[in-house]
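This report refers to the structure that appears directly beneath it.
Residue numbers start from 1 in every chain, and the chains themselves are labelled A, B, ... in the order their sequence lines are given, proteins ahead of strands. Just so it is clear, the structure is predicted and the values come from calculations on it, not from any experiment.
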Protein chains: 2
Amino acid sequence: MSPTIRDVAQKAGVSVATVSRVVNDRPGYSAETRNKVLRVIEELGYQPNALARGLVSKRSRTVGVLIPNISSMVASEMLKGIEDAAHTIGQSVIVCNTDNNGERTLEYLQVLKEKQVDGIIVVSAPITPLYHQKFGEMQVPVVLVSTRYHDGNLPFVKVDDEKAAYHATAYLIKKGHEEIGMIAGSKDDRIAGIPRVEGYRKALSDHGIPIRDQYITYGNFGFQSGMAGLERLLEAAPEITAIFCASDEMAAGALSLAHRRGIEIPDRLSLIGYDDSQLAEMTIPPLTTLRQPLCQMGQEGLTMLMAMIEEGKRTIHSKILPYTIVERETVRELR
Amino acid sequence: MSPTIRDVAQKAGVSVATVSRVVNDRPGYSAETRNKVLRVIEELGYQPNALARGLVSKRSRTVGVLIPNISSMVASEMLKGIEDAAHTIGQSVIVCNTDNNGERTLEYLQVLKEKQVDGIIVVSAPITPLYHQKFGEMQVPVVLVSTRYHDGNLPFVKVDDEKAAYHATAYLIKKGHEEIGMIAGSKDDRIAGIPRVEGYRKALSDHGIPIRDQYITYGNFGFQSGMAGLERLLEAAPEITAIFCASDEMAAGALSLAHRRGIEIPDRLSLIGYDDSQLAEMTIPPLTTLRQPLCQMGQEGLTMLMAMIEEGKRTIHSKILPYTIVERETVRELR
DNA sequence: CAGGGATACGTAAACGTTTACGTTAGCAGC
DNA sequence: GCTGCTAACGTAAACGTTTACGTATCCCTG
């Protein structure tokens, strides 16, 4: 068996309280005993038992992260940011791949409660009232990353999707495009779906460009749906000269289909993506895209969570992070 | 405060032992009391405290996963497999992004020990003797996924890299190629580097094709290094008609550079990748590649770990999983 | 009807910490 | 020399479980 605090105390000739004090460096011992205890700890290779610690201190030094798909390029980047920030302040993270499954999410919530996590971060998944209620019952701080909850207040960190989408299509307009299509995300996604087409619409109308319904098509943010989206757009509106894609993956799909159809990018068709995931620099040609600071979003999320935990607050100010456009080679200037 | 087992016991008019028995359904109570207890649990919304449970049962129902980079496409796929298998048997997973940093890895090992994890999986990272020693001291089951330890025995699950690489280049040969280059991984990587070039070499010599050093170049499995690799190969051996890339990402890099240089794939140059990560179907053209069952590797890894935990064994038989070649569009048949 | 063996519980110790509280010794101040 | 204060500890309760052990009841058997 591993040595316990009692073993250390006995061997050092002090009480367990004293050992605890030096381990947590809390005052109440002389330099001499401190050294003695430290030496014994070294000798025995003593490591405190986090379960026992957590039991009495009511702090497990662990947070839970709910995430729809760990292996998604964009989600995993945020997870990385969370993990990184967590590590630097000595917290561990339990990952929960919800698969966008409500039942599974509820199971995870239960597990996280039982494991006494100090807080929960949910990444890029829609929040239902049921979850919200559970959060309340659990009495545990929650922060949302790349998502938000409209019917109540849960602190979140994200970029302003509508503004970002506005900016992306305005960029296309500035480059001289007027026949601008959009391959949007899910039609009923209130986070990354609707706001982005809203931004697109507003940019067009602000610049006096008519909005045509047949210029917009919907996908599910995935590669295949990007291919299908371009296919539909080509059919419905061949006059389009540029497309705003609501995700890099869909843009990559569009790129693939364009290649298959012999459509040259950016010469005949310009494309701008969204996210700036790893994929963006790997496409042919490299994808111009609207960058979300994914990793940073994760870090900020964890930082906010810790602030809530330390201050014992049920909420905290949300954070809107800045986006940028990274220009690569898929949009061409129309003269 | 959340209700404890004592609250339940009191309200149900039984002892804590009985409540514990019904919660863990262990024999020793009548159907009647069982119902009464269950009802009270429901009423109070009682959830057992996993810390207290773990403290006495010596099982935290949590495993740790050490992984060099969570956001890597191939690693995250394996992580997903692990998480999935873990969830189905009620284990949680703590992720540790080591960044391939030795010091950081050691820190994580310490944390995992303190958190009393039931086991550890290390994914796709080289194992040093120091780690091996730590594992021994920690007295905790360990399994390796997509890596192995040559100087001692730690159970692992992976594909046979050398055989797979052999197969991939033999595939190229079967397609009529003879001038076959390789963009390899790191020169000093004993897991995914050296074996794959060994397989490549053996395939060539088995088929009576001379091995030329200038046909092999080394990268780091990343996109950029794939570009650079092809650039060097083009310079050193322009007569090459096919290339075996030790990762999909490097293949994608090669694809990009080829496009930039006006080299048509697969018409003038065939390419085969390794991994079959998400990327493979997103390239232009879609990448023919050697598929590793990444997700399954993670699942098997966790299953093996649990077997060790349950049987209290320090080791177990390793597993070699089958690969397959998935044919897409980057290899052309030479007549 | 004595004896034995289930069955259905309850009691209390144990897990490894933290921490409130008590105790002792030393010393300053008067 | 007494009071009071502080530093440096030690004692023991508490955290929420599991589980070994004890006990009372009931029933069966001969």
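Note on B:D99 versus A:K80: no salt bridge recorded, every NZ/NE/NH1/NH2 to OD/OE distance being 4.0 Å or above.
For the residue pair A:N24 / A:R53, a side-chain donor-acceptor distance below 3.5 Å is found, with atom types taken as modelled.
The nucleotide whose nearest atom lies closest to any side-chain atom of A:R26 is, among C:dT19, C:dT17, C:dC9, C:dT19. Distance from the side chain of B:V56 is smallest for D:dT17 among the nucleotides D:dC9, C:dC9, D:dT17. Comparing C:dT17, D:dG16, D:dT17 against the side chain of A:L55 picks out D:dG16 as the nearest. Taking the side chain of B:A17 as heavy atoms from C-beta on, and the options D:dC15, D:dT17, C:dG10, the nearest nucleotide is C:dG10. Closest contact between the side chain of B:T4 and the listed nucleotides D:dT17, C:dT17, D:dC9 involves D:dT17.
Residue A:N24 places at least one side-chain N or O closer than 4.0 Å to OP1 or OP2 of C:dT18. Close to D:dG16, at under 4.0 Å from its OP1 or OP2, lies no side-chain N or O of B:R6. The side chain of A:S20 places no N or O atom within less than 4.0 Å of a non-bridging phosphate oxygen (OP1 or OP2) of C:dT19.
Taking the side chain as every heavy atom from C-beta outward, B:M308 and B:P155 approach each other to under 4.5 Å.
Between A:V16 and A:G28, it is A:G28 whose nearest contact on DNA chain D lies nearer the 5' terminus.
Residue B:I127 is tested with B:V142, B:D151, B:L154 for a side chain to side chain contact (heavy atoms under 4.5 Å, CB included); the sole match is B:L154.
Within 4.0 Å (heavy atoms only), B:R21 reaches at least one base atom of the nucleic acid.
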